[in-house]
**Q** 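This is the structure I have questions about; it appears just below.
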2 protein chains.
Amino acid sequence: MKVSKGTDYALHAMAYLVSQNGKRDKLPVQELAGKLDVSSTYLSKILARLVKQKYIVATSGAKGGYSLPADWEDISVYDIIVAIDGELTLFEDSFNHGDECKIQRLMMEVEADMIEGFKKKSVEELI
Amino acid sequence: MKVSKGTDYALHAMAYLVSQNGKRDKLPVQELAGKLDVSSTYLSKILARLVKQKYIVATSGAKGGYSLPADWEDISVYDIIVAIDGELTLFEDSFNHGDECKIQRLMMEVEADMIEGFKKKSVEELI
DNA sequence: TTATTATAGACTCATAATATCCATAATTAG
DNA sequence: CTAATTATGGATATTATGAGTCTATAATAA
């Protein structure tokens, strides 16, 4: 029952991008990877998923790197988690007994609260 | 980010035991496994952990089986989850930057809410 | 053109969840 | 006492997934 390490990296990378916003233009993966103490090739892979969802912007070539998009303040922690780990579900009932299952329902309640908790946190608040 | 299938089995087994409480004395694993459509040897293994925590009582021998302990109404969904999956944590920060890490703190908040959600649900409410 | 930077795919490795099988211990019925 | 029934524990197999590496390719600035 854990958020993946990949999401951990992604959140910290986002936090670093946010912290450097306005000061620096683009941050190359090398630098981010150095900060996070992870290989740059692996971090690239993770960040590529954020790029695909437009939560960060990638610029190839010399002096390129990653930067925040215009609407970055709307991005939530939930968005990042889903981009990396996929849709967030606590439970998949092994038994196909319909909606009347109380266990299933309880899990979905707790899950909904958790999702709310992550949605109401903007990445802006991570620094 | 999921509760294990083992916990799913355990919760459903508990729910069935609760539902039969008062009506039937002891339920052999064969019967429970039949209900849950899982092999009885595997379910045994899972239920053994509940026995160890005294969330259910096992009786060997003919006419034996599993039953609820005297204080079964105090058992929460949280108890069952922890008995099977171990202590429930959403996040283990890969980076050892102390308590001041906002990401870590956010995760722990959401985690605490989730734990609360599971703790306040008694197994009695599962049926 | 060359150096720099991101992207994409194939691949490996370790670990954990899921599960089976069998031998053993406990208990009851007859 | 014996036989049948039931749970427990250990060894093992299988599979899925997360974590990470490596390399080739594409894009861009100087």
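Sequence lines set the chain letters: A, B, ... in the order given, protein chains first and strands last, and positions in each chain run from 1.
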**Q** Quick check: on DNA chain D, is the nucleotide nearest Lys26(A) upstream (toward 5') of the one nearest Ser40(A), or the reverse? Name the residue that is more 5'.
**A** Ser40(A)

**Q** So Ser44(A), base contact, sugar-phosphate only, or nothing? Heavy-atom distance under 4.0 Å.
**A**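 Base contact - Ser44(A) has a heavy atom under 4.0 Å of at least one base atom.
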
**Q** Please tell me if the side chains of Ile75(B) and Met14(B) come closer than 4.5 Å, counting only heavy atoms from C-beta onward.
**A** yes

**Q** As an exercise, state the distance from CG of Leu17(B) to NZ of Lys35(B), rounded to the nearest 0.5 Å.
**A** 12.0 Å

**Q** I'd like to know if the side chain of Asp79(B) and the backbone of Ser76(B) have a donor-acceptor N/O pair within less than 3.5 Å.
**A** yes

**Q** For DNA chain D, note the earliest and the latest nucleotide, 5' to 3', having some atom under 4.0 Å of a heavy atom belonging to chain B.
**A**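 Boundary nucleotides touching chain B, in 5' to 3' order, are dT5(D) to dA11(D).
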
**Q** If you look only at distance, which donor and acceptor atoms sit under 3.5 Å apart when one is on a side chain in residues 41-70 of chain B and the other is two or more places apart or in another chain?
**A**
{"unit_1": "Thr41(B)", "atom_1": "OG1", "unit_2": "Ser39(B)", "atom_2": "OG", "d": "3.4"}
{"unit_1": "Ser44(B)", "atom_1": "OG", "unit_2": "Ser40(B)", "atom_2": "O", "d": "3.0"}
{"unit_1": "Arg49(B)", "atom_1": "NH1", "unit_2": "Ile84(B)", "atom_2": "O", "d": "2.6"}

**Q** Which comes earlier along DNA chain C counting from the 5' end, the contact point of Lys63(B) or that of Gly61(A), where each point is its nearest nucleotide?
**A** Gly61(A)

**Q** Looking at Arg24(A) and Glu31(A), is there a salt bridge between them, counting it only when a charged N and a carboxylate O are closer than 4.0 Å?
**A**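 Yes.
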
**Q** Is it true that Glu125(B) and Lys102(A) make a salt bridge, defined as a side-chain N closer than 4.0 Å to a carboxylate O?
**A** no

**Q** Quick one: label Val38(A) by what it contacts on the DNA or RNA (base, sugar-phosphate, nothing), any heavy atom closer than 4.0 Å.
**A** nothing

**Q** Can you measure from CE (Met114(B)) to CE (Met114(A)) and round to the nearest 0.5 angstrom?
**A**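 Here the interatomic distance stands at 6.0 Å.
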
**Q** Taking side chain as C-beta onward, heavy atoms only, is Trp72(B) less than 4.5 Å from Glu124(B)?
**A** yes

**Q** Check every nucleotide of DNA chain C for an atom under 4.0 Å from a heavy-atom of chain B, then give the first and the last such nucleotide from 5' to 3'.
**A** dT18(C) to dT28(C)

**Q** Heavy atoms only, 4.0 Å cut-off, all strands: where does Ser4(B) land among base, sugar-phosphate and nothing?
**A**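 Counting heavy atoms under 4.0 Å across all strands, the contact made by Ser4(B) is with sugar-phosphate only.
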
**Q** Using heavy-atom distances to pick each residue's nearest nucleotide on DNA chain D, tell me which of Leu47(B) and Gly6(A) is more 5'.
**A**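 Residue closer to the 5' terminus by nearest nucleotide: Leu47(B).
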
